[in-house]
Amino acid sequence: MIKWTHDTVRRRFMSTSAAAIDWWNHVGHAPKDPIMSVTEAFLSDTSPNKINLGVGAYRDDDGRPVVLQCVRDGEAKIAGTGFLESVSASVSSKLVEESVKLIYGKDADFIKEGRFAGVQALSGTGACRLFAEFQRRFYPQSKIYLPIPTWSNHHNIWRDAQVPGRTFHYYHPDSKGLHFAALMDDIKNAPDRSFFLLHPCAHNPTGVDPTEEQWRDISNLFKVKNHFPFFDMAYQGFASGDLDKDAKAMRIFLEDGHLIGCAQSFAKNMGLYGHRVGCLSVLCADAKQAVAIKSQLQHITRAMYSSPPVHGILLVSTILSDPHLKELWKKELKVMANRIHRMRSTLRESLKKLGSPLNWDHMTNQVGMFCFSGLSPDQVNRLMKEFHIYMTYDGRMSMAGVTTSNVSYLANAIHEVTKFG
Amino acid sequence: MASTMLSLVSAALPLQENHKGKMNLGSSDCSTFLRKEKRNPFMKTKSFGRINMAIAVNTSRFEGVTMAPPDPILGVSEAFRADNSLMKLNLGVGAYRTEELQPYVLNVVKKAENLMLERGENKEYLPIEGLAAFNKVTAELLFGAGNPVIEQQRLATVQGLSGTGSLRLAAALIERYFPGAKVLISSPTWGNHKNIFNDARVPWSEYRYYDPKTVGLDFDGMISDIKAAPEGSFVLLHGCAHNPTGIDPTPEQWEKIADVIQEKNHIPFFDVAYQGFASGSLDADASSVRLFAARGMELLVAQSYSKNLGLYAERIGAINVVCSSADAAARVKSQLKRIARPMYSNPPIHGARIVANVVGDPALFNEWKEEMELMAGRIKNVRQKLFDSLSAKDKCGKDWSFILKQIGMFSFTGLSKVQSENMTNKWHVYMTKDGRISLAGLSLAKCEYLADAIIDSFHCVS
């Protein structure tokens, strides 16, 4: 990127005639987003056998996107609702209240005491970005510690918010599990009061989560180091099928007295991908501070997009505050999570049956939407070119894209590219 | 294990101070943030051990965060809601109201939403650049279908979160690719413009615009200031229905503005938030933008459907960049996407689908044009009635004709801050302190009352 100064601009254009000045000559092509570009490539592929294991968007067993019944019912309920100018205060606070209950537990003290600042956000991305901007404003010298690996957009988010990124060990490529000792070391060696990003469940992209025991150890060490734990909760309900179980890590941190921050997304677990509904919450020492922090968060959003889109917010708050709809949602969530579990088992079994020389235990050990397959970029490329199977180059497979009808084809393809080790 | 933990705790745990010097974050002032960071939050903890641990983890590290200042525009609505007076009138936010002072959902929007409900479309992610059908119709609405910039594919259009979101994308693009370049904004302008450029770290300065003496355009001042700015500045222009003044340049003046911008190699940057609301005609209201495009200039245009389709809450708009080549447009588009991805990944679908359905369907589009004329028409009627009331009641013979000359939702009354406060405190008329009233919130029935309030504030308060 060229560093343009005014002098440069002046010199460059002094002699040009008035019409059709090319201001954008120095603007290069942005690199393609690694995840979105998988979808793009998939869409332009005409093969009838093509499989999209790229973006983490749930598909049913026919490979089709799903609109949950609770969402359809919710939509019928809100159709023709009185008009809202910008998200009214009561709708906003309803959404926030219901959202935080989901992650912290409905009886959490600080919810009752108003000791948290919560605002709706543009899904998980928006919530993370809002926090990153807030972090930079109040801790301008701070950094963010991101696990290796993490969702690729995490790096972009904090970078664009001008918070430098650091990493900590997480995934062990040999065991295809958690590199716990190295993780704890990195937490210990980071300067006190560092900001860490944690995936509370269904780690993206690896699907590798700490055990409860390990979470307790991590929480203790965080206390010692006085680190700030920031959770990105994008898959609550998708890991185990149970919302509370999937929030266990956060509840542990809460018990231990941490004042955490959390980005929540309803994209996956409610299938509201395109509506951009999420929530950012920051726990506070008292209600007064909560009001102050909330005002600062809103100040940031005002200059970014003013207010969030109402439709998704209405849907989520309707579903979460209607006991019947909420129960329906939980059932549907279990169905989605179970289908993914089944596909993990089926694929693993199929590979075993084909006589794969590799160990595919991780396929069922890992949780959530993704399997960090261990496939190399070359193997991923072969899958794409020869078999029309699409995934990101890090070998991350979205298991949501696996169906009863494509699992054999998929197993064969994976076996083909890995049978020689 | 426990004892080791305790000793680690007492050795390393900091105790948060109770900060006396609170941070003032009214303006995004970096130095204030930095001052806090240099303070040493660590205190000796040897004798406290366990208790310290409990205190420390319950003390937030955001202890020093103070209340952000209330938003001057949205704060007005909040204050209005809290007022119990029966006479109260909300002329704050530029949100359209019917004669009964009720919010208005356009019929075409209801129809589009019903269509969408019936179709039961999915809720998958949009591409980063937004809904293709929306991007297509929004560009055509702005430039006219068949416009060379569209035919030649020289236009990069990316769906944004209404006007604010689209402006912010553009601001981020400017910051990245024209570091140090300034944006010239009108004095006055919409309050949030400054916030957007500040947060995007784009420097700005003002050009003269409003002339309090004539309650009209300070055209010479405007031209002069645009000329004086460093070459290659971005000039933020309101496409029509200037906010907050309601004062628009004439077509001849637009030509001269385009002349001086070309002369100085500036880049025009239009904020089009009221297409259709100024004159009632969608095409006529886009003429300033089309004038510039027709000259072959490269320009930026932020659009919003908050007002003209009443989609305030759905956050639907777009950023358009007219480039001199298709290749440049492709590159610019890719960079706008790169800015959007770490902000919110992809934009919301609902509003985009509504607009695509309304603007893309000839029957609905025509119906929309009719509703647009009705809304703009109501505002014109209200302007007339207010003018008549003021002229009839005002014994001092002040010329109130500027109310008729101004265009769009707003009128810049010329009331000072103190006078505006009188409007609120004495008359329960809520408006912004810059003297701006939103005529969209005024009914014919309330014109006389408002006239009384204005006359009182103008003549009896100084």
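Just so you know, these numbers use all the heavy atoms, side chains as well, and skip hydrogens, waters and symmetry mates. Residue numbering restarts at 1 for every chain, and letters A, B, ... go by the order of the sequence lines.
Using a 4.5 Å cut-off between heavy atoms, A:Glu40 contacts chain B through its side chain alone, with no backbone atom that close. Residue A:Arg64 does not touch chain B at all, counting heavy-atom pairs closer than 4.5 Å. Proximity to chain B (any heavy atom under 4.5 Å) is restricted, for A:Ile35, to the side chain, taken from C-beta onward. Contacts between B:Ser162 and chain A at a heavy-atom distance below 4.5 Å are absent for every atom of the residue. Using a 4.5 Å cut-off between heavy atoms, B:Ala329 does not touch chain A at all. With a 4.5 angstrom heavy-atom cutoff, B:Arg154 does not touch chain A via any of its atoms. Contacts of A:Gln162 with chain B are made by side-chain atoms alone, with heavy-atom separations under 4.5 Å and no backbone atom involved. Heavy atoms of A:Lys268 lying under 4.5 Å from chain B belong exclusively to its side chain. With a 4.5 Å cut-off on non-hydrogen atoms, B:Ile339 touches chain A through its backbone but not through its side chain. For B:Asn346, the parts lying under 4.5 angstrom from a heavy atom of chain A are both the backbone and the side chain. Within the 4.5 angstrom heavy-atom criterion, atoms from both the backbone and the side chain of A:Val291 approach chain B. Only the side chain of A:Asp33 comes within contact range of chain B, judged by heavy atoms closer than 4.5 Å. Heavy atoms of A:Val71 lying under 4.5 Å from chain B belong exclusively to its side chain. For B:Leu167, no part lies near chain A; criterion is any non-hydrogen pair under 4.5 Å. Neither the backbone nor the side chain of B:Val109 comes within contact range of chain A, judged by heavy atoms closer than 4.5 Å. For chain A, the nearby part of B:Glu121 is the backbone; its heavy atoms alone come within less than 4.5 Å. Neither the backbone nor the side chain of A:Ser123 comes within contact range of chain B; no heavy atoms are under 4.5 Å apart. B:Lys337 touches chain A through its side chain: at least one heavy atom from C-beta onward sits under 4.5 Å away, while N, CA, C and O do not. Looking at B:Pro347, only its backbone comes within 4.5 Å of chain A, counting heavy atoms on both sides.
Using the six-membered ring where Trp is involved, A:Phe228 and A:Phe131 have ring planes that are parallel, under 30° apart on the 30 and 60° scheme. Ring pair B:His350/A:His311 is parallel by interplanar angle, where below 30° counts as parallel and above 60° as perpendicular.
No close placement of the A:Tyr305 and B:Tyr344 rings is indicated, their centers lying 6.0 Å or farther apart. Proximity of the aromatic rings of A:His299 and A:Phe134 is defined here by a centroid distance below 6.0 angstrom, and this criterion is not met. In this structure, B:Phe197 has its ring center no closer than 6.0 Å to that of B:Phe234.
Between chain B and the options A:Ser306, A:Gly274, A:Ala132, A:Gly312, the largest number of non-hydrogen pairs under 4.5 Å is found for A:Gly274. With respect to chain A, the highest number of heavy-atom pairs below 4.5 Å among B:Lys123, B:Arg168, B:His193 belongs to B:Lys123. For the set B:Gln102, B:Lys110, B:Met343, the entry with the most heavy-atom pairs within less than 4.5 Å of chain A is B:Met343. In terms of heavy-atom pairs under 4.5 Å with chain B, the best-connected choice from A:Asp160, A:Asp286, A:Leu122, A:Asn153 is A:Asn153.
Paired with B:Asp199 under the rule salt bridge (charged side-chain N to carboxylate O under 4.0 Å, His left out), one option of A:Arg302, A:Arg137, A:Arg129 passes, and it is A:Arg137.
In this structure, a donor-acceptor pair under 3.5 Å is absent between the side chains of B:Gln335 and B:Arg176. Inspection of the B:Glu118 and B:Asn114 side chains reveals no N or O donor paired with an N or O acceptor under 3.5 Å.
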Any chance you could lay out the side chain to side chain donor-acceptor pair (under 3.5 Å) test for A:Asp217 and A:Asn220, step after step, and finish with the verdict?
CA-CA 5 Å; A:Asp217 288 343; A:Asn220 277 329; 4.7 Å; no

Please report the C-alpha distance between A:Phe222 and A:Phe253 in whole Å, then the side-chain angles of each, then the deciding distance to 0.1 Å, and finally whether the ring pair (Phe, Tyr, Trp, His ring centres under 6.0 Å) criterion is met.
CA-CA 9 Å; A:Phe222 264 61; A:Phe253 273 69; 5.6 Å; yes

Side chain to side chain donor-acceptor pair (under 3.5 Å) between B:Asn195 and B:Asn192, intermediate numbers included
CA-CA 5 Å; B:Asn195 294 333; B:Asn192 208 26; 2.9 Å; yes

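Under the 4.0 Å criterion applied to side-chain N and carboxylate O atoms, A:Lys77 and A:Asp73 are not assigned as salt-bridge partners.
Proximity of B:Ile354 to B:Leu311: side-chain heavy atoms (C-beta onward) are separated by under 4.5 Å at one or more points. Contact annotation: the side chain of B:Leu106 never approaches that of B:Tyr96 to less than 4.5 Å [non-hydrogen atoms, C-beta and beyond].
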